[in-house]
Amino acid sequence: MRNGLALSGTVHWMFDRGLLSISDDHEVLVAKKAVDDATLDRLLLPDRRLIEPVNPAFKPHRSYLRWHRENVFKG
């Protein structure tokens, strides 16, 4: 099953509350006016993308990412 992400505690909290989500191409999406740029700069990589696992079996599955965007994300 590919329904897991390795996130810091703060980013995980933000993800669970729909403040952040992940696009199909692994870009971090941010809900409008939910998080200021200074905080994002501190918490995310400059390109605001996930570091993808080398092994494709460990990449997050698109259907789970889509479900999160459609049902949890507040963007």
Are [X] and [Y] close enough that some pair of their side-chain heavy atoms sits under 4.5 Å apart?
| X | Y | result |
| --- | --- | --- |
| Leu19 | Val30 | no |
| Trp13 | Asp16 | no |
| Val72 | Trp67 | yes |
| Leu45 | Val28 | no |

Nearest heavy-atom pair of Leu50 and Pro60: which atoms, and what distance?
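Between these two residues, the closest heavy atoms are CD1-CG, 4.3 Å.
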If you take all heavy atoms of Ala31 and Gly18, which pair is closest and at what distance?
CB-O, 3.9 Å
Linking I/L/V/M/F/W/Y whenever their side-chain heavy atoms sit closer than 4.5 Å, directly or via other members, would [X] and [Y] fall into one cluster?
| X | Y | answer |
| --- | --- | --- |
| Leu40 | Leu7 | yes |
| Leu43 | Leu5 | yes |
| Leu44 | Leu65 | yes |

From the options Arg48, Arg49, Glu52, select the one residue that forms a side-chain hydrogen bond (donor to acceptor under 3.5 Å, both in side chains) with His26.
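Of the listed residues Arg48, Arg49, Glu52, the side-chain hydrogen bond (donor to acceptor under 3.5 Å, both in side chains) partner of His26 is Glu52.
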Given Ser21, which partner from the list Glu27, Arg69, Arg66, His68 fulfils the side-chain hydrogen bond (donor to acceptor under 3.5 Å, both in side chains) test?
His68
Return the CG to OG distance between Asp24 and Ser63, rounded to the nearest 0.5 Å.
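It comes to 9.5 Å.
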Donor-acceptor under 3.5 Å ([X] side chain, [Y] main chain):
| X | Y | result |
| --- | --- | --- |
| His12 | Ala6 | no |
| Lys74 | Ala34 | no |
| Lys32 | Gly75 | yes |

List the steps and the verdict of side chain to side chain contact (heavy atoms under 4.5 Å, CB included) for Phe15 and Ile22.
CA-CA 9 Å; Phe15 183 82; Ile22 310 296; 4.0 Å; yes
